[in-house]
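Lettering of chains follows the sequences in order, A, B, ..., and the numbering in each one begins at 1.
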Amino acid sequence: MSKEENSQVVVRKEKLAAIVQAGVSAYPNDFRPQQSLAQLLDTHGNQQDEAILATVSVRVAGRIMLLRSFGKLTFATLRDATSSMQVAVQRDEVGADIYNTVFKKLDVGDWIGVEGFLFRTKTGELTVRVQRFCLLAKALRPLPEKWHGLEDIETRYRQRYLDLIVNPEVRTLFQTRSKIVGRIRATMEENGFLEVETPMMHPIPGGAVARPFVTHHNALDRELYLRIAPELYLKRLIVGGFEKVFEINRNFRNEGLSTRHNPEFTMMEFYQAFTDYHELMAFVEHLVVQVVQHVNEGRLVVEHQGVRIDFTPPWSRLTLQEALVRHAGATLAETLDRQGLAALAAKHGMEVKPEWDDGALLLELFETLVEEKLIQPTFIKDYPISVSPLSRRSTTNPEIADRFELFIGGWEIANAFSELNDPQDQAERFHAQMQAKNAGNLEAMHFDDDYIRALEYGMPPTGGAGIGIDRLVMLLTNSSAIRDVILFPQMRSRD
RNA sequence: GGGCCGUUAGCUCAGUCGGUAGAGCAACAGACUUUUAAUCUGUGGGUCGCUGGUUCGACUCCAGCACGGCUCACCA
């Protein structure tokens with residue numbers, strides 16, 4: 001028996017044929033529900049007076065989730081987008097002929113519309129007494145089992161619609177994701193930011209250190225790259241005179257998949273003229289607090305994978321060096337020069353690659369020894385210039401970038417900096433990246449002539465930040481895998 | 001890409017020492033007008049992920065492959 005034609009599908013197709021044979025349309029499109037199930041329950045859930053309930057005219061639609069048949073009476077549990085509700089179909093109410101030839105051919109999974117009045121069963125459940133019903137869509141495949149639902153992780157991801165039908169918490173999670181994005185957008189707009197859309201297909205990939213996807217445009221006969229970040233385009237808009245812009249959209253990176261990495265993922269990036277990374281720290285803190293409260297009933301403490309995360313501001317602010325001292329047992333002296341850093345790496349059995357400069361070594365040490373320990377929201381600031389090719393140099397120390405990253409739950413959630421608006425310095429940074437690329441670093445940046453030209457027209461002093469939306473959603477929905485917060489995660493094709 | 005684990009009916013899962021597979025739900029037939037995962041009686045349903053190998057005999061042991069999960073590496 002092939003997967004496409006198992007016996008249950010055969011039976012359902014036969015039922016469908018019998019229904020059509022009886023002159024009933026199996027896929028009509030003229031039924032309009034009068035109220036949602038939630039509206040019915042909200043309005044009449046407390047009404048005990050049978051005489052009043054019997055006057056409530058009902059017209060609702062839903063998917064049959066359960067059927068309990070007693071021969072001449074059948075209870076069905078319907079579910080729509082808002083709620084679930086029981087309906088009772090009696091043979092003598094809808095007519096013996098239609099009851100036997102059509103209603104008895106319905107299955108769990110079918111969509112139906114019903115009309116009737118309300119009543120309470122003897123167990124007290126608010127129920128629709130059905131006088132007329134119509135089939136809205138016949139399901140040809142059976143739903144997963146009603147007790148355990150769909151547990152197979154692979155099927156849940158590949159057939160997300162099934163996951164959504166039988167696992168209500170999945171629907172709730174994606175509603176929460178929508179609320180998170182909605183709250184971010186609202187907060188940005190409240191603060192005067194303009195939402196924009198910049199290209200997803202880039203002639204030159206830029207704005208991040210990552211490997212891109214390559215595609216080909218036939219009419220232009222040229223390679224295009226799916227964007228790895230919108231950064232350089234958004235800053236062109238600051239050059240163009242917009243002073244506050246943001247974009248919520250997908251980035252694509254041609255790298256490995258894991259519980260925290262999907263090839264396409266969602267970022268919110270924003271840029272604001274006349275601010276710096278210190279002020280951005282306060283704004284990011286404000287923004288995330290707004291979001292957490294919005295989806296967490298006003299509370300700022302979240303449980304994630306068994307760990308309490310407290311978003312109550314102000315959050316810790318540490319330099320990279322301070323973080324190594326506090327969380328990796330380093331001495332301050334060890335963090336200050338190459339010799340100390342190398343000794344620290346040796347102490348922890350870390351390999352030091354020859355191409356790493358001091359800055360790269362410092363960052364590697366941080367990522368290996370500290371990052372996963374930053375469970376409570378923590379800003380890490382003052383990154384080495386060599387690993388921050390788009391960031392402004394510190395006024396007091398030209399080897400340090402005016403940059404911070406936000407860590408929560410051991411993950412990098414945000415990356416922000418005062419933007420480099422000196423076109424000559426930026427050109428030098430691009431040259432350094434190209435040298436790294438020529439030396440074999442596949443993630444190194446390209447030289448973007450037009451971006452340099454844009455800066456040469458003058459970009460006002462600007463601060464910018466990117467926030468990883470998927471990981472934020474993971475934190476706020478207690479998810480351990482990024483695939484749980486992406487509706488259709490990337491999967492290998494199956495023959 | 002490496003390591004470990006998994007893949008059995010539509011779904012959720014058992015399967016002993018190597019002797020050609022079971023349960024619950026779902027389905028089908030029947031009974032039943034107040035159930036809540038309704039109940040009761042009966043019936044059907046399997047390329048045991050795929051391909052090889054060992055063996056008289058493989059769901060079971062071995063190898064390769066596919067897909068998935070966890071994890072390491074890379075990254076956000």
Side-chain angles (χ1 to χ4, degrees), chain A residues 1-12 14-15 65-77 84-93 99 104-105 107-109 119-127 129 139-159 162 165-167 207-211 228-229 250-269 351 363-364 367-368 371 405-407 411-415 441-443 466-472 474 480-483 489 491-495:
Chain A
M1 197 66 67
S2 83
K3 196 151 192 156
E4 299 306 314
E5 280 297 335
N6 72 64
S7 60
Q8 302 205 28
V9 172
V10 170
V11 167
R12 284 174 179 233
E14 286 167 359
K15 289 176 174 176
M65 297 306 293
L66 294 168
L67 279 172
R68 295 176 289 279
S69 177
F70 293 83
K72 301 179 186 67
L73 162 71
T74 301
F75 291 101
T77 303
S84 295
M85 192 171 178
Q86 177 169 270
V87 302
V89 181
Q90 295 177 74
R91 188 193 67 181
D92 298 338
E93 195 97 35
Y99 186 84
K104 282 294 198 181
K105 301 259 187 278
D107 291 294
V108 169
F119 76 107
R120 274 184 197 280
T121 63
K122 61 186 184 187
T123 58
E125 178 160 349
L126 192 65
T127 302
R129 185 189 305 278
L140 296 180
R141 293 174 185 265
L143 291 180
E145 195 217 11
K146 60 190 176 187
W147 301 5
H148 304 89
L150 182 63
E151 309 250 327
D152 183 76
I153 293 172
E154 183 174 352
T155 308
R156 288 186 46 225
Y157 294 148
R158 289 187 191 276
Q159 296 177 262
L162 268 187
I165 290 170
V166 300
N167 294 323
V209 177
R211 294 182 68 176
I228 55 176
R250 231 68 64 77
N251 289 349
F252 306 87
R253 298 194 184 170
N254 205 341
E255 290 156 358
L257 290 75
S258 81
T259 50
R260 289 185 301 284
H261 300 86
N262 195 62
E264 53 182 304
F265 62 100
T266 303
M267 286 280 285
M268 197 280 280
E269 286 202 12
E351 181 198 359
L363 192 60
E364 289 288 341
E367 287 175 353
T368 305
E371 186 168 333
E405 293 189 322
L406 169 63
F407 294 87
W411 303 334
E412 183 190 334
I413 299 297
N415 179 21
N441 183 344
L442 295 169
E443 286 91 33
I467 297 176
I469 300 301
D470 308 279
R471 288 185 182 176
L472 189 59
M474 288 170 71
S480 62
I482 197 170
R483 290 177 165 186
M491 302 287 278
R492 276 196 175 79
S493 58
R494 199 166 43 178
D495 298 332

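Across all strands shown, B/rC70 forms a Watson-Crick or G-U wobble pair, both distances under 3.5 Å, with B/rG3. Base pairing analysis places B/rC50 opposite B/rG64; the two distances defining the Watson-Crick or G-U wobble pair are each below 3.5 Å. Partner assigned to B/rU39 is B/rA31, using Watson-Crick or G-U wobble distances below 3.5 angstrom. Across all strands shown, B/rU12 forms a Watson-Crick or G-U wobble pair with B/rA23, both key distances being under 3.5 Å. B/rC59 is unpaired under the Watson-Crick or G-U wobble criterion, no partner having all donor-acceptor distances under 3.5 Å.
Taking 4.0 angstrom as the limit, A/Lys146 places none of its side-chain polar atoms (N or O) nearer than this to OP1 or OP2 of B/rG24. Applying the 4.0 Å criterion to OP1 and OP2 of B/rG68, one finds that A/Arg492 has a side-chain N or O inside that range. The side chain of A/Arg68 contributes an N or O atom lying less than 4.0 Å from OP1 or OP2 of B/rA38. In this structure, A/Arg483 does not reach the B/rG68 phosphate: none of its side-chain N or O atoms is under 4.0 Å from OP1 or OP2. Applying the 4.0 Å criterion to OP1 and OP2 of B/rU34, one finds that A/Thr127 has every side-chain N and O outside that range. Residue A/Lys72 has no polar side-chain atom (N or O) positioned under 4.0 Å from OP1 or OP2 of B/rU35.
A/Pro263 has its side chain within reach of A/Leu257: a pair of non-hydrogen atoms, C-beta onward, lies under 4.5 Å apart. When side chains are defined from C-beta on, A/Glu443 counts as touching A/Glu255, because their heavy atoms get closer than 4.5 Å. Taking the side chain as every heavy atom from C-beta outward, A/Arg483 and A/Arg156 never approach each other to under 4.5 Å.
In this structure, A/Asp152 places its CG atom 11 Å from P of B/rG68, rounding to the nearest Å. What separates CD of A/Glu151 from P of B/rA14 is a distance of 12 Å, to the nearest Å. If you take CD of A/Glu145 and P of B/rA14, they are 14 Å apart, rounded to a whole angstrom. Straight-line distance from the CD atom of A/Glu154 to the C1' atom of B/rA66: 10 Å, rounded to whole Å. Regarding A/Arg471, its CZ atom lies at a distance of 4 Å from the C1' atom of B/rA76, rounded to whole Å. As rounded to whole Å, 14 Å separates atom P of B/rU34 from atom CZ of A/Arg91. Rounded to an integer number of Å, the gap from CZ of A/Arg156 to C1' of B/rU7 is 17 Å. Computed from coordinates, the A/Asp107 CG to B/rC28 P distance equals 6 Å when rounded to whole Å.
No contact: A/Arg12 has no heavy atom under 4.0 Å from any strand. Among the heavy atoms of the strands lying under 4.0 Å from A/Val209 are primed sugar atoms or P, OP1, OP2 only; no base atom is included. Residue contacts shown for A/Gly149 are limited to sugar-phosphate atoms, with no base heavy atom under 4.0 Å away. Nucleic acid contact class of A/Asp92 (heavy atoms, under 4.0 Å, all strands): base. A/Thr74 comes within contact range of no nucleotide atom at all, as no heavy-atom separation falls under 4.0 Å. Nucleic acid contact for A/Asn262: base, since at least one base atom lies under 4.0 Å from a heavy atom of the residue. Across all strands shown, A/Tyr99 has no heavy atoms under 4.0 Å from either base or sugar-phosphate atoms. Among the heavy atoms of the strands lying under 4.0 Å from A/Met491 are primed sugar atoms or P, OP1, OP2 only; no base atom is included.
Taking only side-chain atoms of A/Ile482, from C-beta outward, the nucleotide of B/rU12, B/rA76, B/rU34 with the closest atom is B/rA76. Checked against B/rG44, B/rU33, B/rU34, the side chain of A/Lys122 finds its nearest nucleotide in B/rU34. The side chain of A/Arg253 sits closest to B/rA76 out of B/rC67, B/rA76, B/rC32. For A/Phe70, whose side chain is taken as the heavy atoms from C-beta onward, the closest listed nucleotide among B/rU33, B/rG24, B/rC13 is B/rU33. You'll find that the side chain of A/Asn6 is closest to B/rG10, out of B/rU34, B/rG10, B/rG68.
Distance noted for atom P between B/rA38 and B/rA27: 10 Å (whole Å). Taking atom P in both B/rC59 and B/rU16, one finds a spacing of 13 Å when rounded to whole Å. Taking atom C1' in both B/rA23 and B/rG19, the straight-line distance is 22 Å, to the nearest Å. Nucleotides B/rU7 and B/rG46, compared at atom C1', are 15 Å apart to the nearest Å. On the C1' atoms, B/rG18 is 15 Å away from B/rC48, given to the nearest whole Å. Comparing B/rA9 with B/rG24, their C1' atoms are spaced 12 Å from each other, to the whole Å. A gap of 12 Å separates the C1' atoms of B/rU8 and B/rU60, to the nearest Å. A distance of about 16 Å separates the P atoms of B/rU20 and B/rC61, rounded to the whole Å.
Taking 3.5 Å as the limit, the base of B/rU35 and the side chain of A/Gln86 contain a donor-acceptor pair of atoms between them. You won't find any donor-acceptor pair under 3.5 Å spanning the side chain of A/Gln8 and the base of B/rG45, going by distance alone. Put simply, the side chain of A/Glu412 and the base of B/rA76 share no donor and acceptor less than 3.5 Å apart.
Rounded to the nearest 0.5 angstrom, A/Leu363 CG and A/Glu405 CD are separated by 7.0 Å. Between A/Leu66 atom CG and A/Phe75 atom CZ the span is 13.0 Å, to the nearest 0.5 Å. To the nearest 0.5 Å, the span separating CD on A/Glu412 from CZ on A/Arg471 amounts to 7.0 Å. Atoms CD and CZ, on A/Gln90 and A/Arg129 in that order, are 6.0 Å from each other to the nearest 0.5 Å.
When each of A/Thr121 and A/His148 is assigned the nucleotide of RNA chain B with its nearest heavy atom, A/His148 is the one assigned upstream, toward the 5' end. Residue order along RNA chain B, read from the 5' end via each residue's closest nucleotide, puts A/Lys15 first among A/Lys15 and A/Ile413.
Heavy atoms of other residues, nucleotides or ligands lying less than 6.0 angstrom from CZ of A/Arg211 number 12 at most. The environment of A/Arg120 atom CZ is dense: over 12 non-hydrogen atoms of other residues, nucleotides or ligands sit within 6.0 angstrom.
Taking a centre distance below 5.5 Å and an interplanar angle below 30 degrees as the stacking criterion, A/Phe75 stacks against the six-membered base ring of B/rU35. Taking a centre distance below 5.5 Å and an interplanar angle below 30 degrees as the stacking criterion, A/Phe265 stacks against the six-membered base ring of B/rA76.
Shortest non-hydrogen contact noted between A/Val166 and A/Pro144 is CG1-CD, 3.9 Å.
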